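Written out below as structure tokens is the structure these notes cover.
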Amino acid sequence: MQTDYIDKLLIVTGGSLDIDWAKSFLKDKNYDYIIAADSGLSHIKNLGLVPNFILGDYDSVNPEVLEYFKGFDIKTYPREKDYTDTHLALITAIKLSPRHITILGATGSRLDHSLTSIGNLKALLDLDISAEIVDPHNKIYLVAEGEKHIIKKSEQYGDYVSLQPLGDKMLISLEGFYYPLEKCEVKTGLSLTQSNEISADEGVITVHEGIAIVVEARD
């Protein structure tokens with residue numbers, strides 16, 4: 001497995017993935033390194049991608065798919081392990097020092113897995129690695145304390161922007177939004193920052209304290 005510095009890394013894991021949407025999403029994007037996590041390998045095959053590294057216990061992977069990727073760089077884990085396959089993929093990705101990670105297949109019917117994957121983004125944030133979880137309806141990422149994050153209206157993922165603290169609370173300011181805020185304390189569970197919209201050319205999120213989970217959402 002390579003250890004050189006890379007720019008963009010893609011992880012495809014085993015949650016729900018709309019293949020038609022994923023093909024459209026990936027159409028104009030290039031990645032320097034691709035990791036398939038467990039049953040995400042089936043998604044990789046359906047997308048026509050070539051993985052650089054494959055990991056998992058493969059208990060839910062069709063043997064024909066495994067045979068198709070025979071000879072690739074593969075690491076097998078026991079079914080009973082301490083980390084999810086997505087988390088193991090992120091641990092692997094960190095060793096490659098990427099600047100940015102995109103994760104597909106990390107959401108779906110298993111809300112517990114989705115929540116854990118969002119929490120896993122914290123480890124990347126601590127290492128100054130930007131990362132996003134993307135599905136047909138959401139782009140999810142974290143904004144750290146002291147950061148100012150800009151969303152261009154022309155490039156936003158959906159019509160809505162929602163925020164929640166990763167932790168007990170956050171202190172944030174919102175500029176260029178339909179509902180602006182100035183150093184507002186938002187505690188976990190408060191819906192004040194749900195379904196906001198960008199009203200200017202850019203929406204600016206400033207996190208003064210805490211960490212913000214940002215969801216750019218579309219219906």
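All residue numbers refer to positions in the sequence shown, counting from 1. Being a predicted model, the structure only gives us computed values, none of them experimental.
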Q: Give the C-alpha distance, both sets of side-chain angles, the deciding distance and a yes or no for side-chain contact (heavy atoms from CB on, under 4.5 Å) between Val61 and Asp59.
A: CA-CA 6 Å; Val61 180; Asp59 62 329; over 6 Å; no
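- By the criterion of side-chain heavy atoms lying less than 4.5 angstrom apart, applied directly or through intervening Ile, Leu, Val, Met, Phe, Trp or Tyr residues, Val12 is grouped together with Ile19 in one hydrophobic cluster.
- To the nearest 0.5 Å, atoms CG (Leu124) and CD (Glu132) are separated by 11.5 Å.
- When all heavy atoms are compared, the tightest approach of Leu125 to Ala144 is CD2-CB, 3.7 Å.
- Both Leu142 and Ile103 are part of a single hydrophobic cluster, where members link through side-chain heavy atoms under 4.5 Å apart.
- A cation-pi contact links Lys45 to Tyr68, judged by a cut-off of 6.0 Å to the six-membered ring centre and 45° from its axis.
- The neighbour count for Asp168 CG, taken as heavy atoms of other residues, nucleotides or ligands under 6.0 Å away, does not exceed 12.
- Contact between Phe69 and Pro51 at its shortest, heavy atoms only, is CE2-CD, 3.6 Å.
- For CG of Asp112, the number of neighbouring non-hydrogen atoms (other residues, nucleotides, ligands) closer than 6.0 Å is greater than 12.
- Remark: the backbone N or O of Gly189 is paired with a side-chain donor or acceptor of Gln164 at under 3.5 angstrom.
- Heavy atoms from other residues, nucleotides or ligands lying under 6.0 Å from CZ of Phe72 number more than 12.
- Put simply, the side chain of Asp32 never gets that close to the backbone of Leu9: no donor and acceptor are under 3.5 Å apart.
- Residues Lys8 and Tyr33 form no side-chain contact, since every pair of their non-hydrogen atoms from C-beta on lies 4.5 Å or further apart.
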Q.
Please evaluate residues Lys75 and Ile54 with respect to the criterion side-chain contact (heavy atoms from CB on, under 4.5 Å), reporting the C-alpha separation (whole Å), side-chain torsions for both, the decisive distance (0.1 Å), and the verdict.
A. CA-CA 6 Å; Lys75 183 175 178 61; Ile54 301 167; over 6 Å; no
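- For the side-chain contact (heavy atoms from CB on, under 4.5 Å) with Leu17, the qualifying choice from Asn46, Asp135, Leu47 is Leu47, the only one to do so.
- Put simply, CD1 on Ile213 and CE on Met170 are 8.5 Å apart, with the number rounded to the nearest 0.5 Å.
- Ionic pairing of Arg99 and Asp7 is present here: one or more N-O contacts between side-chain nitrogen and carboxylate oxygen are shorter than 4.0 angstrom.
- Not one N or O on the side chain of Ser162 forms a donor-acceptor pair closer than 3.5 Å with the backbone of Gln194.
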Q.
Could you walk me through whether Phe177 and Val204 satisfy the side-chain contact (heavy atoms from CB on, under 4.5 Å) test, starting with their C-alpha distance in whole Å, then the side-chain angles of each, then the deciding distance to 0.1 Å, before giving a yes or no?
A. CA-CA 8 Å; Phe177 284 85; Val204 182; 5.7 Å; no
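- The two residues Leu41 and Ala36 have their closest heavy-atom pair at CD1-CB, 3.8 Å.
- No salt bridge links Lys152 with Glu202; every basic N to acidic carboxylate O contact stays at or beyond 4.0 Å.
- Within the model, atoms CG of Leu88 and OH of Tyr77 stand 5.0 Å from one another, a figure rounded to the nearest 0.5 Å.
- To the nearest 0.5 Å, atom CG of residue Asn138 and atom CZ of residue Arg218 are 9.0 Å apart.
- Put simply, Leu192 and Val143 are part of the same group of oily side chains (I, L, V, M, F, W, Y) that touch within less than 4.5 Å, one to the next.
- Side chains of Pro98 and Ile129 form a contact here, defined as non-hydrogen atoms less than 4.5 Å apart.
- Side-chain atoms of Glu197 and Tyr160, non-hydrogen and from C-beta on, do get closer than 4.5 Å to each other.
- Distance CG/Asn120 to OG1/Thr84: 5.5 Å, rounded to 0.5 Å.
- The hydrophobic cluster containing Leu49 also contains Leu66, counting ILVMFWY residues as joined when their side-chain heavy atoms lie under 4.5 angstrom apart, directly or transitively.
- Judged as a side chain to side chain donor-acceptor pair (under 3.5 Å), the pairs with a partner in residues 19-29 (not counting sequence neighbours) are, in order, Trp21-Tyr157.
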**Q.** side-chain contact (heavy atoms from CB on, under 4.5 Å) assessment of Ile205 paired with Leu163
**A.** CA-CA 10 Å; Ile205 301 167; Leu163 300 95; 3.7 Å; yes
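- Using a 4.5 Å heavy-atom threshold, the side chains of Val161 and Gln156 count as touching.
- Between Ser173 and Leu181 the shortest side-chain heavy-atom distance does not fall below 4.5 Å.
- With rounding to the nearest 0.5 angstrom, the CG atom of Leu171 is 5.0 Å from the CD atom of Glu209.
- Taking the side chain as every heavy atom from C-beta outward, Leu55 and Ile35 approach each other to under 4.5 Å.
- Between the side chain of Asp85 and the main chain of Asp38, no donor-acceptor pair closer than 3.5 Å is present.
- Looking at Thr13, its side chain never comes within 3.5 Å of a backbone N or O of Gly40 through a donor-acceptor pair.
- The number of heavy-atom neighbours closer than 6.0 Å to NZ of Lys153, taken from other residues, nucleotides and ligands shown, is above 12.
- The main-chain N or O of Ser60 is never found under 3.5 Å from a side-chain atom of Ser39 such that the two would form a donor-acceptor pair.
- Counting heavy atoms from C-beta on, the side chains of Val134 and Leu104 come closer than 4.5 Å.
- Contact of the Ile118 side chain with the Ile133 side chain is registered, since non-hydrogen atoms from C-beta on lie closer than 4.5 Å.
- For the pair His43 (side chain) and Gly15 (backbone), a donor-acceptor distance under 3.5 Å is present.
- Distance alone, capped at 3.5 Å, places no donor-acceptor pair between the Thr102 side chain and the Leu10 backbone.
- Here the side chain of Asn196 pairs a donor or acceptor atom with the backbone of Tyr179 at under 3.5 angstrom.
- Linking ILVMFWY side-chain heavy atoms closer than 4.5 Å, directly or via other members, places Val207 and Leu190 in a single hydrophobic cluster.
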